[in-house]
Amino acid sequence: MTNLNVGILNETDSASLSLLDANVAGCRAYALAKELYPICRSITGAGLRQTLHRLRDQLPTLTIHEVPSGTPCFDWTVPNEWTIREAYIEGPDGSRIVDFSDSNLHVVNYSCPVDAVLSLEDLRPHLHSIPEMPDAIPYVTSYYKERWGFCLPHKVLQSLAPGEYRAKIDSSISPGSLTYGEVILPGTSSNEVFLSTYVCHPSLANNELSGPVVATEILQWLSTLPSRRYTYRAVFLPETIGSVAYLSRNLDILKANVVAGFNVTCVGDDRQYSYLPSRNGKTLADRAALHALKHHAGAEKYLTYTFLDRGSDERQYCSPGVDLPIASLMRSKYGEYPEYHTSLDNLDLITETGLSGSIALLAKALTAIESNTVYRTTVLCEPQLGRRGLYPTLGTRTGSTAVRTLMNVLAYADGSHDLLSIAEMLNLPVWDLKSATDLLATHGLLAEVSTN
Amino acid sequence: MTNLNVGILNETDSASLSLLDANVAGCRAYALAKELYPICRSITGAGLRQTLHRLRDQLPTLTIHEVPSGTPCFDWTVPNEWTIREAYIEGPDGSRIVDFSDSNLHVVNYSCPVDAVLSLEDLRPHLHSIPEMPDAIPYVTSYYKERWGFCLPHKVLQSLAPGEYRAKIDSSISPGSLTYGEVILPGTSSNEVFLSTYVCHPSLANNELSGPVVATEILQWLSTLPSRRYTYRAVFLPETIGSVAYLSRNLDILKANVVAGFNVTCVGDDRQYSYLPSRNGKTLADRAALHALKHHAGAEKYLTYTFLDRGSDERQYCSPGVDLPIASLMRSKYGEYPEYHTSLDNLDLITETGLSGSIALLAKALTAIESNTVYRTTVLCEPQLGRRGLYPTLGTRTGSTAVRTLMNVLAYADGSHDLLSIAEMLNLPVWDLKSATDLLATHGLLAEVSTN
Amino acid sequence: MTNLNVGILNETDSASLSLLDANVAGCRAYALAKELYPICRSITGAGLRQTLHRLRDQLPTLTIHEVPSGTPCFDWTVPNEWTIREAYIEGPDGSRIVDFSDSNLHVVNYSCPVDAVLSLEDLRPHLHSIPEMPDAIPYVTSYYKERWGFCLPHKVLQSLAPGEYRAKIDSSISPGSLTYGEVILPGTSSNEVFLSTYVCHPSLANNELSGPVVATEILQWLSTLPSRRYTYRAVFLPETIGSVAYLSRNLDILKANVVAGFNVTCVGDDRQYSYLPSRNGKTLADRAALHALKHHAGAEKYLTYTFLDRGSDERQYCSPGVDLPIASLMRSKYGEYPEYHTSLDNLDLITETGLSGSIALLAKALTAIESNTVYRTTVLCEPQLGRRGLYPTLGTRTGSTAVRTLMNVLAYADGSHDLLSIAEMLNLPVWDLKSATDLLATHGLLAEVSTN
């Protein structure tokens, strides 16, 4: 295992960040993903509920909410709950061609029950494969139209001989509820930072499990901080219907309080980092994301998508009238890597280092938000730093970088530049300015400006 | 004849645009230009009047207005009317060197009468030629200072032998009026789109006749539309004094109502398209012009001038205090092509395809303006398109472009982005979004926001 | 002597600028610098006072102000006054190793008195040199901590043999005052243009004397102008404590009146021009500086620093809450050239042409500010220039640049574009537009818009 040295711990002595050892967190996150991998999740049902209960072991303050089937949520309605017990196809010789117990991807998610003997010709429309990826099982869903189907490698499909097949799905779709989890970590301010991740995909690793396990580590880290400026609200929910349902119940409070947030998904592999902006594109979330990427991944070492490339819950969070400041920090983005929505997006695709880097990146983005105070100098003109021991008493040809940083922070602490914009001007990580602002505040030279 | 396939008809099934067959329109426009070509137009007088009467045959609602000589128009005064009957120079041997009946360019436009016998030396200051274009007759005017003169090819001028010449111009400059034509096509809104073209040049094809004949085709097309959102106001007038006179009579109504407009000139040859912005540079006319150019000519396949390169009636329309949103869509711009203001700017320079392409371009710019509604979604979050049959019920790895366009229109239908800005973001022609907005509006998912 | 032809006199016939012969001014400035060079200046004391008295010979309206030691100035306090009479080190053989009478850089500026015999080892901490510049004496100061020291070439330091040395500094640091000079040249407006330059360095030429001598020439030129729109306020003061003291006494009036200003320093050598913006970066001072640089030095023929590179009194003038519009126009900037703060920054480094070019550049920047009127046309549409003899009466294929400039000034004289922005659009020096605006104003076609 190489390249593990991505943790914030190794890069800074900043008090709050030092509580996070991203390397250790990455390993824990991988272990949790491995544990959750076999569960057959969907947008409702036992697998989703089981996953949330397991997450609650890590996050004791996680509350689990049930929204009954039939509940209207803006333009949507919570669907009936899906239960799946068994599913397989038996070939003409009685052998099982595909079996849900081998992979929960084998059944079209939300399939209605079936138990029928069909000719290959009649079975064929119910079979899904990817001709250009003959070894992969595709991930297919049919949440809102009753149908049944199986997914299988194309090479298996092609090997099927004519004859009679038995298709058996022991499932049910009936009134129940949609389940989601919520964690709220209070801060000194009622203003909130919002994290959203989804838990509705079956055995898929980068595009799904990486999100909840990284979010879990981030929340554990946040919960250990000696102080939090912002209140943190995190949700673990089914994609689309889950975020729509959550918004329909919490829109006013979210609109009133959320200053920034991230949709956490596709954060598990080892490939390039990527960023997808909020619809607005210039929110605090976007600024913090780009700042973290520049100083974590390196300028131009990451991919930038546009909001036109969106595809996850930012579709709801950033929709007109909702307009929350939610951006996405990812590794390989959904829809953009070959293994996406296939059985190849598995535990081999995500890595401890991949998860660890994403945890560190997200922690830095959150730290940027936490750090983003607006200051004003308390004296007109430059203060006389020398008599406070902050400036060399001997004037020579050169100056020190640390003194220069103090002077630059003072020069822009005008009550309108926030610390993030000052850090951008200085091309320094905002978390590295903390020692300067602390020092100046200690000497009474900087005052915080109340912003909200 | 090649490359005729430029018509909007061939490119889109949009209801309103499909009524225009640009190829046919280009042929009709050329025929009309040919018919109008021999008439000796000026900023006043019989040729101008005759031209407007001929245009009224095509445009029955065209009204013809007379502004009496001496009428003050802002800083200007309508000049006396010019009448020209005959003009020639006879050489020492009695032969006619130049004759107005051969080309109306031979006489300096607005020449006062003369009938004199002069030596070549005395005649010489009254002769105009272009040494570097020895075969071309230049176009010269003297509207506001009484003088007389002849224009002739430089090689003819150089061949003149010493001797006695008779210069005869049978003209008069006396009280009369300035004539202009006006067409108003009412729309559902009193807000107006304004078109201006000039009809004061004698036998000149690209820099002049192309303008009125293209404007005529555009107005005929507009008059056949099943509905028009905007009221269209078009004027056919003499350049400068005509637009100044028109503005002095209509400034308040124009300032109150005009949302966009174009000065239509130099739209007849087959060369590269060009664009000259309004003074403001960012008006709806500019945005529509650039949008039409990108999708008609292709991005960077056209020339962009600045307002500093202006030279036609936008000088008045965009002057301080007038400030109308008027841009220019052209082919070879006045002053920028070798044949400009010479006898070489003739019926060989303009072509049916040249005119046809300009008609299609202008029609697209106007369609962009007509299409430019501001929408707002009627539901919070994304609507559930699936239950309306607008979204695939089977979730797989890929999506369709058409569905993507629906989603993108919804994502930006926030009551502040107009459809033109959404089309620019999606890099699609705004007229191609009509089917998406119609579909969404039919399903009650989009509402028009009243903008003015 | 080459390249002397930089004077404004040679480049324009503009009435106000023609009073400045930059070549002659550069020669005078050099002569004055030579005269002031030997004086031992500091942030207080006799040398500073002597320098100001000499400047008053050139600038009779210069007033000299004394601020008593101990006076609080924002976060600072005026220090005791430094007097230096004699300073030297005698070597073991009684010979003088370094002597203040050879160079006033030899003593650490503001050294407290000492008269001691020390071993080389004990003396060593009091000796300052630059190992990488073995021939240069460094310039070292210790204004706010009592210490004594000597500065000497590194090669001399290295040649010192063990033994007993006598260090003698006959100085005193005791209550007195800080001295500064101020010139106010009234204009027709109470709005002010502010110039600041510092006079606290001992024998240093580019980084110091160039500033006061150039400022002196500029003030002499300004005082001879037949009319001044703005009131000019210029100060000659010690850096940092002087500008802090001046601001503490004059902040309200400066904030109310100053529309633009320049910190005048490092304007004496022959190398590339440079520009350091105000903190705001877009003030009238910045715009005028960039305009002057483009048309004096040539676009991209000068260096642009950022406000992060600041280091002189703009640190105070642009500090939060002070926020004056002060930029810097320089040659080789402090801290950026090898001779900086050493004995090599001497009269060989600065030149008559270097000073002359800077004088011309600064005069152009000030002329840009003086010229920067906002005009509005007095008529709607273009005026009929022809009947005023301002437009050719014969219409042909080409136009004149001068007429074009008239038309362009009219086109943008809309009461919101100031003349500097019009000049930028036309890519012409704003001072070259004066003949056009004068001509149009004479004909009653332009009116000044009152801006403040």
Side-chain angles (χ1 to χ4, degrees), chain B residues 43 72-77 79 108-110 128 130 132-133 136 138-147 149 151 201 207 239-241 243-248 251 255 279-281 306-311 313-323 334-335 337-342 345, chain C residues 373-419 421-428 432-433 436-437 439-449:
Chain B
I43 57 172
C73 306
F74 297 136
D75 192 56
W76 301 67
T77 305
V108 167
N109 204 293
Y110 251 74
H128 304 276
I130 310 169
E132 61 277 21
M133 296 177 76
Y139 166 50
V140 177
T141 64
S142 183
Y143 300 134
Y144 298 102
K145 180 180 169 68
E146 278 214 4
R147 57 159 68 88
C151 303
H201 288 42
N207 179 26
E239 212 176 3
T240 305
I241 183 66
S243 53
V244 171
Y246 190 79
L247 284 168
S248 74
L251 185 61
K255 289 193 66 147
R279 188 165 73 97
N280 171 301
T306 78
F307 191 67
L308 296 176
D309 301 308
R310 74 197 177 284
D313 287 319
E314 70 285 344
R315 288 158 45 193
Q316 315 311 325
Y317 297 134
C318 299
S319 61
V322 175
D323 292 314
Y334 45 79
Y337 58 101
E339 304 87 351
Y340 170 71
H341 273 199
T342 76
D345 187 350
Chain C
T373 307
V374 178
Y375 291 103
R376 188 167 44 205
T377 55
T378 57
V379 298
L380 287 167
C381 290
E382 290 182 338
Q384 193 183 7
L385 296 180
R387 65 175 161 89
R388 296 174 176 92
L390 304 178
Y391 198 85
T393 56
L394 196 72
T396 59
R397 301 176 78 223
T398 50
S400 89
T401 305
V403 170
R404 199 81 197 158
T405 297
L406 285 185
M407 307 287 279
N408 284 335
V409 167
L410 285 167
Y412 286 101
D414 56 4
S416 66
H417 287 92
D418 61 18
L419 202 60
S421 72
I422 296 176
E424 288 293 341
M425 280 191 283
L426 306 192
N427 202 25
L428 293 172
D432 282 1
L433 294 185
T437 55
L439 190 59
L440 292 168
T442 299
H443 284 277
L445 294 173
L446 279 188
E448 274 194 41
V449 173

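Throughout, protein chains are lettered first and strands after them, A, B, ... in sequence-line order, and every chain is numbered starting at 1.
- The part of Arg147(B) that comes within reach of chain C is its side chain, from C-beta onward, which places non-hydrogen atoms under 4.5 angstrom from that chain.
- When heavy atoms are compared at a cutoff of 4.5 Å, Ile241(B) does not approach chain C at all.
- Residue contact with chain C, scored on non-hydrogen atoms closer than 4.5 Å, involves the backbone and the side chain of Tyr340(B) alike.
- For a residue to count as touching a neighbouring chain, one of its non-hydrogen atoms must lie under 4.5 Å from one of that chain's; by this rule Tyr375(C) does not touch chain B.
- Ring-plane geometry between Tyr139(B) and His201(B) is classed as tilted, the angle between the planes lying from 30 to 60 degrees on a 0 to 90 degree scale.
- With a threshold of 4.5 angstrom between heavy atoms, Arg376(C) does not approach chain B through any atom at all.
- Partners of Arg388(C) under the side chain to side chain donor-acceptor pair (under 3.5 Å) rule, at least two apart in sequence or in another chain, are Asp75(B).
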- side chain to side chain contact (heavy atoms under 4.5 Å, CB included) between Ser416(C) and Val374(C), intermediate numbers included: CA-CA 7 Å; Ser416(C) 66; Val374(C) 178; over 6 Å; no
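- Side chain of Thr405(C) to backbone of Thr401(C): a donor-acceptor contact under 3.5 angstrom is found.
- Residues that satisfy the salt bridge (Lys or Arg N to Asp or Glu O under 4.0 Å) test with Glu382(C), not counting sequence neighbours, are Arg315(B).
- Closest approach of Tyr412(C) and His417(C) over heavy atoms only: O-CB, 3.5 Å.
- In terms of heavy-atom pairs under 4.5 Å with chain B, the best-connected choice from Leu380(C), Val379(C), Asn408(C), Thr378(C) is Leu380(C).
- The parts of Ser142(B) that come within reach of chain C are both its backbone and its side chain, each placing non-hydrogen atoms under 4.5 angstrom from that chain.
- Note: Val140(B) leads Asp323(B), Ile130(B), Val140(B), Thr342(B) in heavy-atom pairs under 4.5 Å with chain C.
- Using a 4.5 Å cut-off between heavy atoms, Leu308(B) touches chain C through backbone and side chain atoms alike.
- Side chain of Ser319(B) to backbone of Val322(B): no donor-acceptor contact under 3.5 angstrom is found.
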